[in-house]
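Position 1 is the first residue of the sequence; numbering continues from there.
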Amino acid sequence: MGFKPAKKLGFGLMRLPLLDPANPAKIDLEQMKQMVDVFMAKGFTYFDTAWMYNGFMSEEFAKPALVDRYDRVSFTLATKLHNGFFNSLEDRDKVFNEQLRKTGAGYFDYYLLHGIEAGSIGKYEQFDCFNWLLAKKEQGLVKHAGFSYHDTPELLDEILTKHPEMEFVQLQINYLDWESQWIQSRACYEVATKHNKPVIVMEPVKGGTLANVPDKARELFQKADPSMSIPSWAIRFVASLPNVMVVLSGMSSLEQMEDNTSYMQDFKPLTQEEKDLCFKAAQIINGQITIPCTACHYCTDGCPMSICIPEYFSLYNEDMRENLAQKGWTINFTNYDTLAKTHGMTSDCIQCGQCEGVCPQHLTIIDFLQDVAKHYEH
């Protein structure tokens with residue numbers, strides 16, 4: 001299809017640099033501008049945001065960092081309509097018009113129905129969102145219509161069969177989830193390919209998990225090519241897939257931006273031997289991850305107890321991965337206490353279930369919170 005960007009790396013405006021690490025809405029605008037400048041200077045054009053990213057401020061910051069500083073035709077901007085933020089036909093337009101205001105973009109190059117799965121497809125159908133999106137396209141307010149997806153390949157096949165008008169699909173794909181029984185990256189990718197729908201990849205580094213791999217996996221990669229960073233293997237793995245249009249990376253520092261653009265500027269697909277190396281690393285990593293959280297923060301926005309779920313899970317994973325639980329105390333006990341001063345503790349969970357209802361990974365968050373509480377609050 002003729003709308004594919006020239007280069008495969010996309011800037012995901014989801015984990016932006018922060019002035020306050022504990023507050024995702026406190027975005028470091030100056031560093032964000034520097035990152036945008038590096039990205040654009042190296043010939044990359046695709047930017048991806050959404051209504052709730054970075055504490056609902058991602059779209060707002062796209063305007064001063066990108067839209068106000070570059071010719072509108074020099075970049076492409078994607079955003080999304082999430083089912084959690086409309087409850088009427090009118091609400092759809094309220095969200096869309098506010099997105100136009102916040103970004104100042106005039107139109108969106110790519111617009112997605114956000115996070116379609118079995119629990120949300122009914123609402124998108126009930127409020128006629130597929131036709132609504134096509135109407136936006138006819139009005140020139142959207143150039144290309146698609147959706148992001150978190151569910152089974154069977155349901156994806158049903159949706160694409162029913163809605164062939166959708167031009168592309170955004171999927172969670174990475175070498176760790178390639179054969180996962182929960183995410184089913186490979187199978188979903190194959191369904192999209194069968195329907196001739198280009199794929200945009202989200203979570204290629206799985207929320208940083210594939211940037212901070214266990215020592216044995218790190219040694220595999222460094223021995224194969226010491227000049228390449230660890231996260232580069234994850235991004236190059238998915239970029240090597242023939243039907244992948246763009247690989248989104250939620251970069252949160254200028255250093256990450258410079259690394260990613262360095263090897264994606266003149267991208268060379270992985271060899272089969274290099275792909276096999278990624279699968280070997282996946283076996284090692286899968287044996288050491290306790291909670292496969294990607295830190296998307298969907299779970300935290302509606303938490304009535306203000307529990308910083310992904311941050312607590314990250315601390316817990318680190319302790320479990322290194323087998324530090326056997327020592328009785330680690331520095332993460334102090335880190336846990338520090339987080340708890342400004343957020344709810346894991347034991348504060350009232351088991352309302354809202355977090356599990358929005359988790360794209362379908363994690364049993366309530367159970368995991370109890371595990372974390374037992375570890376850090378004894």
Side-chain angles (χ1 to χ4, degrees), residues 11-39 47-69 79 82 84-85 98-99 102-104 203 205-209 211-212 231 248-260 291 293-319 330-349 354-355 358-359 365 369 372 376-377:
F11 188 176
L13 306 180
M14 180 183 183
R15 298 181 176 93
L16 292 167
L18 302 176
L19 296 171
D20 178 0
N23 187 345
K26 295 289 186 180
I27 297 167
D28 184 343
L29 178 58
E30 293 310 309
Q31 187 173 179
M32 183 180 176
K33 286 180 178 179
Q34 291 178 327
M35 294 168 71
V36 167
D37 290 345
V38 170
F39 193 73
F47 295 83
D48 172 88
T49 183
W51 182 254
M52 74 280 273
Y53 287 177
N54 274 89
F56 297 88
M57 292 302 292
S58 175
E59 292 171 326
E60 197 92 44
F61 276 72
K63 187 177 190 297
L66 172 66
V67 178
D68 289 347
R69 299 171 63 239
T79 194
H82 191 280
F85 302 99
E98 184 66 2
Q99 290 173 314
K102 288 165 72 175
T103 61
E203 301 292 356
V205 191
K206 202 170 171 66
T209 296
N212 299 295
L248 299 176
S249 177
M251 294 169 274
S252 54
S253 70
L254 186 59
E255 180 183 21
Q256 291 175 6
M257 173 63 73
E258 289 175 338
D259 178 44
N260 285 347
I291 307 175
C293 171
T294 67
C296 69
H297 279 273
Y298 291 5
C299 57
T300 58
D301 290 331
C303 178
M305 306 308 291
S306 300
I307 302 171
C308 54
I309 298 168
E311 285 77 9
Y312 287 142
F313 284 176
S314 177
L315 297 180
Y316 186 71
N317 277 339
E318 188 172 308
D319 277 0
T330 74
I331 190 61
N332 282 334
F333 280 76
T334 298
N335 294 334
Y336 180 90
D337 291 340
T338 300
L339 283 170
K341 290 177 182 177
T342 53
H343 299 82
M345 300 172 68
T346 49
S347 60
D348 292 335
C349 174
Q354 80 82 29
C355 56
V358 298
C359 176
I365 294 175
L369 286 174
V372 176
Y376 289 113
E377 297 180 27

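- Checked by atom type, the side-chain pair Tyr376/Asp319 shows a donor-acceptor distance below 3.5 Å.
- Residue Leu66 holds its CG atom at 9.5 Å from CZ of Phe39, rounded to the nearest 0.5 Å.
- Exactly one of Asn212, Thr209, Val205 qualifies for a side-chain contact (heavy atoms from CB on, under 4.5 Å) with Pro231. That residue is Val205.
- Counting heavy atoms of neighbouring residues, nucleotides and ligands inside a 6.0 Å radius, atom NZ of Lys26 does not exceed 12 of them.
- You'll find the side chain of Lys63 stays beyond 4.5 Å of the side chain of Lys102, heavy atoms only.
- Separation of atoms CZ (Phe11) and CZ (Phe47) is listed at 7.0 Å; rounding is to 0.5 Å.
- Tyr298 and Val358 get closest at one heavy-atom pair: O-CG2, 3.5 Å.
- Contact between Leu29 and Ala65 at its shortest, heavy atoms only, is CD1-CB, 4.0 Å.
- Separating the CG atom in Leu369 from the CE atom in Met345 is a distance of 12.0 Å, to the nearest 0.5 Å.
- Within the 4.5 Å cutoff, the side chain of Ile307 has heavy atoms near those of the Tyr312 side chain.
- With a 4.5 Å cut-off on side-chain heavy atoms, Leu339 and Leu315 count as touching.
- Counting heavy-atom neighbours within 6.0 Å of Glu377 CD, excluding the residue itself, gives a total above 12.
- To the nearest 0.5 Å, atom OG1 of residue Thr49 and atom CG of residue Leu248 are 11.0 Å apart.
- In this structure the side chain of Cys303 reaches within 4.5 angstrom of the side chain of Gln354, judged on heavy atoms.
- Scanning both residues, Met14 and Asn54, for their nearest heavy atoms gives O-OD1, 2.7 Å.
- Among all heavy-atom pairs drawn from Ser252 and Arg15, the shortest one is CB-O, 2.7 Å.
- Put simply, CD on Gln31 and CE on Met251 are 12.0 Å apart, with the number rounded to the nearest 0.5 Å.
- Note on Glu203 versus Lys206: no salt bridge recorded, every NZ/NE/NH1/NH2 to OD/OE distance being 4.0 Å or above.
- Using a 4.5 Å cut-off on side-chain heavy atoms (C-beta onward), His297 and Thr300 make contact.
- Taken from OG in Ser253 to CG in Leu18, the straight-line distance is 11.0 Å, to the nearest 0.5 Å.
- What you find for Cys299 and Pro310 is that their closest heavy atoms are SG-CD, 3.9 Å.
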- Go through the steps to decide whether Tyr53 and Phe61 satisfy the test side-chain contact (heavy atoms from CB on, under 4.5 Å), and finish with yes or no. CA-CA 11 Å; Tyr53 287 177; Phe61 276 72; over 6 Å; no

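- A side-chain donor from one of Thr346 and Tyr336 sits under 3.5 Å from a side-chain acceptor of the other.
- Nearest heavy atoms, Leu13 versus Ala62: CD1-CB, 4.2 Å.
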